[in-house]
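Ligands are counted one by one from 1 in listed order, and the atoms in each one are counted from 1 as well. Basis for what follows: all heavy atoms, side chains included, without hydrogens, waters or symmetry-related copies.
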Amino acid sequence: MPNLPRELPVVTADDDRLDRFDDGPRDECGVVGISGIDLASEQAFLAMYALQHRGQEAAGIVTFDDNGPHVLKGEGLVGDVFATWSVRKLTGRTAVGHVRYSTAGGNDLDNIQPITARYARGHIALAHNGNLTNHYDLRKRLVDEGAIFRSSADSETLIHLIAKSRHETIDAQVDDALTHLDGAFSIVISIDDTIYAARDPRGFRPLVLGKKGTGHIVCSETCALDILEAEYVRDLAPGEVIKIQDGVVTSLRSLPAAEHPAPCIFELVYFARPDSRIWGQSVDAARRVFGKRLAAEHPVEADAVIAVPDSANSAALGYAEESGIPFELGMLRHHYIGRTFIKPSQADRDFGARMKYNPVQHVLQGKRVIVVDDSLVRGTTSRSLVRMLRRAGATEVHLRIGSPPVKWPCFYGIDMPTRKELIASNMDVPEIAAQLGVDSLGYLSLKGMIDAVADGGPYCDACFSGNYPAPLVDVEKGFVSAEGPTAC
Ligand code: AMP
């Protein structure tokens, strides 16, 4: 594995190299492409509903028919941006959709995907999941050559590369443009009514192909196929580029092969939906095995196993099964919190967690509880939850984490905080336990996690190990801080 040195070049916040560009949005997102289905916008809308967990900041759909592209985008949840009547106005049998999860970068409409443009050969709409690691480098070169960018999104770079390609056919232009990209990309592009879909050579992010009648769907996760009652055909292979036109799927030339694939293990830990199949395995099943391993590695005597809902439910069930300690509903999660809510005026450290979670007192009163979470990032949520559980009567709180300590930032599209904000980057396990106020703390080991997954990898586990499988060109050239993409 071509690992980068563990000590990446450090660019400090006052280094003027960081001021060269806007800090573009991180693309931890969901994508969908629909081809050859009447009112494709409705199918895209439903698929995006199913992919909402992959992005809640903004949503957009672009469709194509003889009257050209039809575009609707906005900030917020899919259900806030689209209504039945507005979706129906997006006519055509081809659609591209995107849900965006982004905390960094501008929230203006130009940054909301699908990114659209018109070039010499047609109208383009592009939806991207992942993070390009040579985006600023490419962008600088394009700007130096006179390119004008509308957004700060890394995805817009690809549109310029397609438009500038000297190849004759559109297929060759798309293929050529993709070979310039480094890092993580699962991309769906429509050029008029032709859909192209591609995964980067390491296959960091998921992308699956489905079929419904004579039409086709490409989307981030299988849960989006389920809602459409579409049939799962296959995952796109790492480095594969496909074209869908007139009901025919063609696999174009593959991108240059990486030394080995590196699908993101964090998709299995936290990001993907448990009812999806990712990397050839059920996400729920993988998380249960993580929980079982965790119980074997970090047993403790207790009366109940509870989950931090909902992302840790599967791991907690696995822990309970392996340990023989009953799984209880010890906490409830609120599902209807909007993006904005009124904060009480007094400073209240636990307010955010209390809005989201509530303990079930009769389950916790007088009990020694094992709380299972899928991951620990900043540690702020867990700290509040531990206080909440003790207030509800828990006599002992043992925290178990269904993944190893997150110590390294993600440069491939998971929206992680910078190193200095990652609790495990700055403290060892006993210090973290003290900081969170738990009676004991145990993390699943990296080996235990890798051994637990169905095929044993190789996976990208950079957030746990610091081994970055794709070159971090923008970091090496000083465009992005080694502290993490959101450090500025
Ligand atoms: P904290 O340790 O307080 O930062 O929060 C950890 C919780 O956030 C875990 O329960 C995870 O379910 C969840 N989580 C993990 N990674 C992410 C992420 N990239 N974005 C949002 N939430 C996350």
Side-chain angles (χ1 to χ4, degrees), residues 25-30 52-57 99-104 129-131 184 204-205 264-274 283-284 286-287 290-291 294 306-316 319 330-335 337 339 349-357 371-389 397 399-427 429 431-433 435-438 441 443-444 449 460-464 484-486:
R26 305 291 135 237
D27 291 308
E28 183 183 308
C29 305
Q52 185 76 80
H53 62 291
R54 298 187 71 88
Q56 301 93 41
E57 291 291 315
V99 288
R100 189 181 105 192
Y101 185 125
S102 158
T103 50
N129 172 211
N131 201 46
F204 283 104
R205 303 275 147 241
C264 166
I265 194 120
F266 204 73
E267 292 268 355
L268 284 179
V269 168
Y270 165 75
F271 202 47
R273 245 170 67 161
V283 174
D284 169 66
R287 288 181 189 165
F290 293 162
L294 182 62
I306 69 170
V308 178
D310 298 313
S311 51
N313 288 348
S314 306
Y319 194 104
M331 244 189 286
L332 262 292
R333 180 175 158 210
H334 197 299
H335 286 107
I337 303 175
R339 288 189 330 127
R349 287 183 296 176
D350 297 337
F351 177 75
R354 221 170 47 242
M355 284 293 289
K356 203 166 163 190
Y357 304 102
V371 189
V372 180
D373 205 350
D374 58 272
S375 57
L376 205 54
V377 182
R378 289 185 173 87
T380 44
T381 314
S382 312
R383 203 164 164 214
S384 297
L385 292 182
V386 172
R387 277 199 287 260
M388 213 182 264
L389 296 173
V397 178
L399 184 60
R400 296 293 180 267
I401 308 294
S403 59
V406 177
K407 291 187 177 174
W408 299 88
C410 179
F411 294 91
Y412 307 127
I414 296 282
D415 192 20
M416 287 286 188
T418 59
R419 277 196 74 191
K420 65 171 183 289
E421 296 164 289
L422 292 170
I423 192 166
S425 224
N426 301 292
M427 293 181 193
V429 173
E431 285 170 338
I432 298 172
Q435 168 84 6
L436 303 182
V438 290
L441 169 65
Y443 281 97
L444 179 62
M449 184 178 69
C460 174
D461 55 21
C463 53
F464 306 118
T486 47

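- Here the heavy atom of the protein found nearest to atom 5 (O) of ligand 1 is Thr381 OG1, 3.4 Å.
- Residue Val377 has at least one N or O atom closer than 3.5 Å to an N or O atom of ligand 1.
- Looking at atom 22 (N) of ligand 1, its nearest protein heavy atom turns out to be Tyr270 OH, 3.0 Å.
- Under a 4.0 Å criterion applied to the non-hydrogen atoms of Ile414, ligand 1 contributes the atoms 19 (N).
- Proximity of Ile423 to ligand 1, defined as any heavy-atom pair under 4.0 Å, is not found for any part of the residue.
- Closest non-hydrogen pair, Ser314 versus Asp284, comes out as OG-OD1, 2.6 Å.
- Across all their heavy atoms, Ser403 and Phe464 have their closest contact at CB-CZ, 3.8 Å.
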- Item | Glu421/Arg378 under salt bridge (charged side-chain N to carboxylate O under 4.0 Å, His left out): CA gap, chis, key distance, verdict | CA-CA 6 Å; Glu421 296 164 289; Arg378 289 185 173 87; 3.5 Å; yes

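- Here atom 2 (O) of ligand 1 lies nearest to Gly379 when heavy atoms of Pro309, Gly379, Ala307 are compared.
- Contact annotation: for Asp373 versus ligand 1, heavy atoms closer than 4.0 Å belong to the side chain alone.
- The aromatic rings of Phe204 and Tyr412 sit parallel, their planes meeting at an angle under 30°, below the 60° perpendicular limit.
- Nearest protein neighbour of atom 4 (O) of ligand 1, counting heavy atoms only, is Arg378 N, 2.8 Å.
- At distances below 3.5 Å, at least one donor-acceptor pair connects side-chain atoms of Arg287 with backbone N or O atoms of Tyr270.
- Closest heavy-atom contact between Val269 and Ser375: CG1-CB, 4.3 Å.
- Residue Asp310 is tested with Arg333, Lys356, Arg273 for a salt bridge (Lys or Arg N to Asp or Glu O under 4.0 Å); the sole match is Arg333.
- The closest donor-acceptor contact from the side chain of Asn129 to the backbone of Cys29 lies under 3.5 Å.
- Side-chain contact between Tyr357 and His334 is absent, with no heavy-atom pair separated by less than 4.5 Å.
- Summarising the contacts of atom 11 (C) of ligand 1 with Val406, Val372, Asp374, the nearest heavy atom is found in Asp374.
- Of all the listed residues (Ser375, Cys410, Ser403), Ser375 holds the heavy atom that lies closest to atom 7 (C) of ligand 1.
- Protein heavy atom in closest approach to atom 20 (N) of ligand 1: Tyr101 OH, 2.8 Å.
- Between Val308 and ligand 1 there is no heavy-atom distance shorter than 4.0 Å.
- Residue contact check for ligand 1: Phe271 places no non-hydrogen atom closer than 4.0 Å to it.
- One finds the CG atom of Asp374 at 11.5 Å from the CG atom of Leu444 (value rounded to the nearest 0.5 Å).
- For atom 19 (N) of ligand 1, the nearest non-hydrogen atom of the protein is Asp415 O, 3.1 Å.
- Shown in contact with Phe266 at under 4.0 Å from a heavy atom are these atoms of ligand 1, numbered in order with element: 15 (C), 16 (N).
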